[in-house]
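The chains referred to below are lettered A, B, ... by the order of the sequence lines, with proteins before strands, and numbering in each begins at 1. Bear in mind that the values here come from a model prediction, so they are computed numbers and not experimental data.
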2 protein chains.
Amino acid sequence: MPHIGTQDNPAVSTIRILLVDDHPLVLEGISARLESEPGIEVIGQANNGQQALEKAAELKPDVVLMDISMPVMNGLEAAEHFKNDQPEARVLILSMHENREYIVKMIQSGAAGYVLKDVSSDELIRAIQTVHQGGTYFSAGASEALFSEFSKSDQPEKPDTGLTKREEMVLKLIAEGKVNKEVARALDISVRTVETHRQNIKQKLNIQTAAGLTKYALEHNLISL
Amino acid sequence: MPHIGTQDNPAVSTIRILLVDDHPLVLEGISARLESEPGIEVIGQANNGQQALEKAAELKPDVVLMDISMPVMNGLEAAEHFKNDQPEARVLILSMHENREYIVKMIQSGAAGYVLKDVSSDELIRAIQTVHQGGTYFSAGASEALFSEFSKSDQPEKPDTGLTKREEMVLKLIAEGKVNKEVARALDISVRTVETHRQNIKQKLNIQTAAGLTKYALEHNLISL
DNA sequence: CAATCTCTACGTATTACTACCTAGAATAGA
DNA sequence: TCTATTCTAGGTAGTAATACGTAGAGATTG
């Protein structure tokens, strides 16, 4: 327990942690490891979300290190409550679920980070420090799960559009909002040629309108917003 | 400067860093600070994205710490190239831009993290360690910018377009690829009215073409892909 | 080398969109 | 209540896009 009036860590204040997990063993293990770390102090433990909220209200932890799956009140609900009732507390999720949905939900519920249980204790400590400083932390597996779609969505599959290069080029320019005349100028070809391309494109893609073309181009990442 | 052949850090291999920034002063400062950190080694520097790619190909850094705004080839483009050409290198963006668009784009371009230039050197080092271990790091400001909408994203915010409800409706239908006649039928109004709406919309948004309208609608979440 | 594909370009007619107006009815706000 | 806004609708003209053709030059390929 913290004492007052004597010399504590001078410059860096200790990060006060509330540990929440329904497995006593996990609780103990992590607690022991964290306690051995200077600058980190485990000020309390809880077995479920309900308890966590109560203890947090009393202890005012800096960081709440919490599991997701728990009885009584799971990490998701608990995170919601933390966001509303005790926004000062930074919630760091410690989970074994690598599921994207989970992670996104946790973020939306206000969690500041998400580490998988397979991380090293060093990494866990780094995560704690990060969220304490206001940052966001995702461990490798989590960030992968979280951003895999995100990042792949850049140029995912270039699914064979059936369009020729030239047609794609024309489509791209049209989708960007250029009129035929401008496209023609840009590609240094006749307006009629552009029209021909345009027609062929629409025929190939079975699209009728200009707006449809733009939508198509966006869907297929020929252009970006 | 690094030496070879003598005792380096034994268990933990050194994190080899390539620093990229177009400001020599920044380069020097960060480099000096990082060099003082055990476990981190600045193996090279570059002034722009182009150089960064070349040097990286040669030096094979673990982490590329890179600015966004640079001449010749900016961080965004460079990150793209890294993703494609040297995916082993983890790209950590060091930027002063707190803009959400920037951050999202960087992630989509394959960056493993994004730290604002106002972070402490301790935090920067933590970020480096994080991305090196495969994690994702966002500093406080960045994660805030990144997830503020995300968290709210239950209803993906509708920024005031200045359009009336009816105009939005028309715009939506147009953006979906409907021609005026279809819009008119859908809303049970005259084609002329749709045309009027269309004109007003274009005037309000300062957009000239139909394709532009679609793009606008997509950008502003009036419709989704 | 003939067949195919791609890119280029034009003709003609029709339809759609655009620009720039006016204007009435309904509604919301000061 | 007066006013501004919104939604409705139209006139007139010009510009752009579409539909449906044809067709030559150049590259690719079986």
Margin query: Contact between B:Ile30 and B:Leu94 at the side-chain level, heavy atoms closer than 4.5 Å - yes or no?
Written below: yes
Checklist line | side chain to side chain donor-acceptor pair (under 3.5 Å) evaluation trace for A:Thr196 with A:Gln199 | finding: CA-CA 5 Å; A:Thr196 301; A:Gln199 293 221 139; over 6 Å; no
Check: Salt bridge between A:Arg126 and A:Glu123, side-chain N to carboxylate O under 4.0 Å?
Finding: no
Notebook entry, point to check: For B:Lys55, what residues pass the salt bridge (Lys or Arg N to Asp or Glu O under 4.0 Å) criterion, not counting sequence neighbours?
Noted result: none
Note to self: Using whole Å, what does the distance between atom P of nucleotide C:dT8 and atom NZ of A:Lys165 come to?
What the structure shows: 13 Å
Note to self: Can you work out whether A:Asn180 or B:Arg166 has the more 5'-proximal nearest nucleotide on DNA chain D?
What the structure shows: B:Arg166
Notebook entry, point to check: For B:Leu163 and D:dT6, what is the distance between atoms CG and P respectively, to the nearest whole Å?
Noted result: 10 Å
Margin query: For DNA chain D, which residues of residues 187-198 of chain B approach it to below 4.0 angstrom with any heavy atom?
Written below: B:Ile189, B:Ser190, B:Arg192, B:Thr193, B:Thr196, B:His197
Notebook entry, point to check: Is it true that B:Glu176 and A:Lys215 have a side-chain N and a carboxylate O under 4.0 angstrom from each other?
Noted result: no
Note to self: Tell me whether the side-chain N/O atoms of B:Lys202 come closer than 4.0 Å to OP1 or OP2 in C:dA19.
What the structure shows: yes
Next item on the list: Calculate the interatomic distance between B:Glu182 atom CD and C:dA16 atom P; express it in whole Å.
Entry: 10 Å
Next item on the list: Considering only NZ, NE, NH1 and NH2 on the basic side and carboxylate oxygens on the acidic side, decide whether B:Arg192 and B:Glu195 come within less than 4.0 Å.
Entry: yes
